[in-house]
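To start, the structure under review is shown below, and the notes come after it.
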Amino acid sequence: MSSTNLADMKGIAERDRKQIEAAQEMLGPDPSTMGAIKNVFWGNFREELMFPYPEGSADETARCDQLLAELDRYMRTEHPAHLIDQEQQIPDWVIKRLFALGVLGMTVPKEFGGGGFGITSYNRALERIGRSCGSTAVLVSAHQSIGCKAVMLFGTEEQKARFLPRMAQDTLSAFCLSEPNVGCDAGGQETRCELSADGTHYILNGEKKWATSGALSGLFTVMAKQKVTDPKTGKQKDVVTALICTPDMEGVEIFSRNRSKCGIRGTWQARIRLTNVKVPATNLLAKEGQGFKIAMTCLNYGRCTLSAGMLGGAGHAYEQALKWAKYRHQFDRPLADFDLCKEKLARMAGYVYAMDAMLYMTTGFLDRHDDDIMVETAMCKVFCSEMGYRTVNDALQIMGGESYMTENSVERIWRDSRINIIVEGANEVMHSFIWAYGGKQLGEWMKGIKDRPFSNLGSAMQIGSELFLGFRRGMPTFTCQNPRIARHLDECMMRIREFSHQVKMMFKEHEEGIVTAQTIQSRLALGALWIHASLCTLSKFERNMRRGLEGRELEHEAAIVDHFIAFAGEQFDAELRALRQNCDTTMKRAADAVLAWADSLPNADYVLPERTPIMAVRGTGKKPDQSNIPQFGTGSVFAGVKVSTGAGA
């Protein structure tokens, strides 16, 4: 692979160059083999990664089926979903029940008291919980996918033995990444740590925000910037380090347990102030400077469980809409007789089928320990959060005024769903990430040829014929012989070829401008997304046919798949068409105009970011009146036995 660095492109603004260099350093070297999506950027199809559809072991599937039966019984007969939403709190007895069922320790290895389940099984449980209660799905996900996941993946054997039995049996954990000035920019940590002179502990200072279950947890995984000496240059630089903390450490202050929210109201997001907290050196996760890698790895799992909860909620809303459309009559006929209602139902069916296909394809990658899956997990999050929300929104429209009534649950699923487009990486940021990380190696290869065309004349002639003569390389091939699948795969192969060609053309046409051209990046990312969704859908359908799907069930599923592939093709074509037929110029002019007009609005009438770097306006915004909004107090409410922190504890 090319050693060319995209940060070296001429004409890139210095702040953008620094962002690229920082991201490359934190992400580390590229994997030795490229995953499914990166190959699509190159115009290739790695069939062996996606066909056949990933399958778990029969033993684990049977164990998971048994757990799901118990979980389903609990969710149907005991779980207080409406109470949780109305009172904005998940009762302690619910958390204890989920520990007793084994749900909150599913992925903790058996030797540490957990269930030892794989990621697919775990996501099946999250899907079932999300069908009934988005708040509870988030609590379970925050604990195992990110809270204590870092200990499972990066902890020493001593750390695992010390912490994981508690995480499996009776103690929640929290992930402390976000800060007042750190949302999607995970590398921009302002919390800092430094190693003590005697090397026995780290001194931690800063503030964390949006720490789900922070006030309920007995363990925190905390990310902090640390100044270290670069062994290559001898100069000091900032890196991100991950530390294990507990709420009883001196200097840990939970000064806000939670704030009242629109959705997932039963979850609590803490604000935590860290003042000269002494963290034992034995609580360092992996190595100094590995924090960003740890955070991004954990987010691979969190993005799946977010998707699973969304799939569960969307699936229930879709089924509710079907029932309502069949039996709600207007104008002497059921709603289902109207084409615009049919359009929604068919689209919802396709979304839910494809969400399921993409989610469990992605968990299959994780269970298989595939090397290069960061783009795939990002795509899973984007697709499931966006299409899941659209599904619930369509269900709301079909059900009409009744959908707005609390007891019918759809309005709660709708409120719970909206946050998924924001958290675990806002979807707009994920579009740029999918483009940047998916196309990085292709872009570096092209730049290398442009800079040194005579070093590889064959490659230069090949790419030149594409960029200047409009030639397309040959279509990728596949071996699947199922006629119901093969005709759709032919279309996918044509889309892969055209997508790769347009990616190369955008590199040529925009040159260094592509680095900040987010509308172009987003269209390319969405083009790749619709290809990937189609391939996941076809692989799942092929698996189901191999399992013996036939008769009415086969025709039912084929109708959904055929429509989704046709719909995805339309969306793909629209994204590529918009690369050149768009209103970007007028959009930017209008945006500049309204941003200038915003200066005429008095700051005191509007909420402003509390830590905006624009010092002249800091503190001048509206201070919302919270007198009639429930408040949740301060301090940890963790009442369990203290979690051992080591170092003589």
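We're numbering straight along the sequence, starting at 1.
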Paired with Q144, the side-chain contact (heavy atoms from CB on, under 4.5 Å) test is passed by just one of L126, T107, L172, namely T107

Using a 4.5 Å cut-off on heavy atoms from C-beta on, say whether the side chain of S213 contacts that of H143.
-> no

Between R577 and D573, does a salt bridge (Lys or Arg N to Asp or Glu O under 4.0 Å) hold up when you go through it step by step?
-> CA-CA 6 Å; R577 187 164 54 248; D573 291 344; 5.6 Å; no

Residues K209, E179; criterion salt bridge (Lys or Arg N to Asp or Glu O under 4.0 Å); working and verdict | CA-CA 5 Å; K209 190 176 183 181; E179 301 181 3; over 6 Å; no

E60: what forms a side chain to side chain donor-acceptor pair (under 3.5 Å) with it, not counting sequence neighbours?
-> S121

Counting only N and O atoms by type, is there a donor-acceptor contact under 3.5 Å from the side chain of N393 to the main-chain atoms of Y389?
-> no

Between the main-chain N or O of R611 and the side-chain N or O of N181, is there a donor-acceptor pair closer than 3.5 Å?
-> yes

Might you point out which heavy atoms bring C384 and M355 nearest each other, and give the distance in Å?
-> O-CE, 3.6 Å

Looking only at heavy atoms, what is the nearest atom pair of Y360 and N123, with distance?
-> OH-O, 3.4 Å

Side chains of T377 and N300: donor-acceptor distance under 3.5 Å anywhere?
-> yes

Show the atom names and distances, to 0.1 Å, of all donor-acceptor pairs under 3.5 Å that link a side chain in residues 81-88 to residues at least two apart or in another chain.
| residue | atom | partner | partner atom | Å |
| --- | --- | --- | --- | --- |
| D85 | OD1 | R415 | NH1 | 3.3 |
| D85 | OD1 | R415 | NH2 | 3.4 |
| D85 | OD2 | R415 | NH2 | 2.8 |
| Q88 | OE1 | S260 | OG | 2.9 |
| Q88 | NE2 | S260 | OG | 3.4 |

Between I146 and F175 the two heavy atoms that sit nearest each other are O-CD1, 3.2 Å

Pairs where residues 379-403 contributes a residue and the test salt bridge (Lys or Arg N to Asp or Glu O under 4.0 Å) is met, not counting sequence neighbours = R347-D394, E386-R390

Would you say the side chain of M310 lies within less than 4.5 Å of the side chain of V392, judging by non-hydrogen atoms?
-> yes

R418: what forms a salt bridge (charged side-chain N to carboxylate O under 4.0 Å, His left out) with it, not counting sequence neighbours?
-> none

So, do L299 and M374 sit near enough that their side-chain heavy atoms are less than 4.5 Å apart?
-> no

Steps toward side-chain contact (heavy atoms from CB on, under 4.5 Å) verdict (M223, V182) | CA-CA 11 Å; M223 301 296 161; V182 178; over 6 Å; no

Please determine, by modelled atom types, if Q626 and Q631 share a side-chain donor-acceptor pair under 3.5 angstrom.
-> yes

Look up atom CG in L526 and atom NE2 in H431, then write down how far apart they are to the nearest 0.5 Å.
-> 4.5 Å

Indicate whether any N or O donor in one side chain lies under 3.5 Å from an N or O acceptor in the other, for S256 and R271.
-> no

Counting only N and O atoms by type, is there a donor-acceptor contact under 3.5 Å from the side chain of R273 to the main-chain atoms of E253?
-> no

What heavy-atom pair brings M405 and G401 nearest, and what distance separates the two atoms?
-> CE-O, 3.7 Å

How about T363 and Y122: does a side-chain donor come under 3.5 Å of a side-chain acceptor?
-> no

Sequence neighbours excluded, the answer for salt bridge (charged side-chain N to carboxylate O under 4.0 Å, His left out) partners of R552 is none

Does W93 CH2 have over 12 foreign heavy atoms under 6.0 Å away?
-> yes

Contact list for residues 116-132, test salt bridge (Lys or Arg N to Asp or Glu O under 4.0 Å), sequence neighbours left out | D65-R124, D72-R128, R131-E319

Answer yes if the side chains of Y353 and E557 hold a donor-acceptor pair under 3.5 Å, and no otherwise.
-> yes

Could you tell me whether the side chain of D367 and the main chain of I119 form a donor-acceptor pair under 3.5 Å?
-> yes

Whether over 12 other heavy atoms sit under 6.0 Å from Y606 OH | yes

CZ of R543: more than 12 outside heavy atoms within 6.0 angstrom?
-> yes

Would you mind listing every side chain to side chain donor-acceptor pair (under 3.5 Å) that reaches into residues 321-338, with sequence neighbours excluded?
-> none

Can you find a heavy atom in the side chain of R484 that is under 4.5 Å from one in the side chain of V561?
-> no

Is atom CD of Q66 surrounded by more than 12 heavy atoms (other residues, nucleotides or ligands) closer than 6.0 Å?
-> no

Closest contact, heavy atoms only, G214 versus I254 | O-CD1, 3.6 Å

Side-chain donor-acceptor pairs under 3.5 Å in residues 133-142, sequence neighbours left out?
| residue | atom | partner | partner atom | Å |
| --- | --- | --- | --- | --- |
| S135 | OG | R265 | N | 3.3 |
| S135 | OG | G266 | N | 3.0 |
| T136 | OG1 | H79 | NE2 | 3.0 |
| S141 | OG | T305 | OG1 | 2.6 |

What's the spacing between S307 OG and M379 CE if we round to 0.5 Å?
-> 13.0 Å

What side-chain donor-acceptor pairs closer than 3.5 Å can you find for residues 532-540, not counting sequence neighbours?
| residue | atom | partner | partner atom | Å |
| --- | --- | --- | --- | --- |
| S534 | OG | W530 | O | 2.8 |
| T537 | OG1 | A533 | O | 2.8 |
| S539 | OG | M50 | O | 2.5 |
| S539 | OG | Y53 | N | 3.4 |
| K540 | NZ | D356 | OD1 | 3.0 |

Verify, without hydrogens or angle tests, whether T362 (side chain) and M358 (backbone) share a donor-acceptor contact under 3.5 angstrom.
-> yes

For R547, which of E542, E55, E553 qualifies under salt bridge (Lys or Arg N to Asp or Glu O under 4.0 Å)?
-> E55

Is a side-chain donor-acceptor pair under 3.5 Å present for S385 with N427?
-> yes

Is the closest side-chain donor-acceptor distance between D584 and T519 under 3.5 Å?
-> yes

Would you mind reporting whether Y74 and S132 have side-chain heavy atoms less than 4.5 Å apart?
-> no

Could you list the residues that satisfy side chain to side chain contact (heavy atoms under 4.5 Å, CB included) with A349, not counting sequence neighbours?
-> Y318, I560

Results of salt bridge (charged side-chain N to carboxylate O under 4.0 Å, His left out) for R73 - residues two or more places apart only = none

Going by heavy atoms in the side chains, are E575 and L529 under 4.5 Å from each other?
-> no

Grab the two heavy atoms, one from I37 and one from E376, that are nearest each other, plus how far apart they are.
-> N-OE2, 2.9 Å

Can you tell if the side chain of S432 reaches within under 4.5 Å of the side chain of W435, non-hydrogen atoms only?
-> no

Got a donor-acceptor contact below 3.5 angstrom from the N603 side chain to the G621 backbone?
-> no

What residues, two or more places apart in sequence or in another chain, satisfy salt bridge (charged side-chain N to carboxylate O under 4.0 Å, His left out) together with E570?
-> none

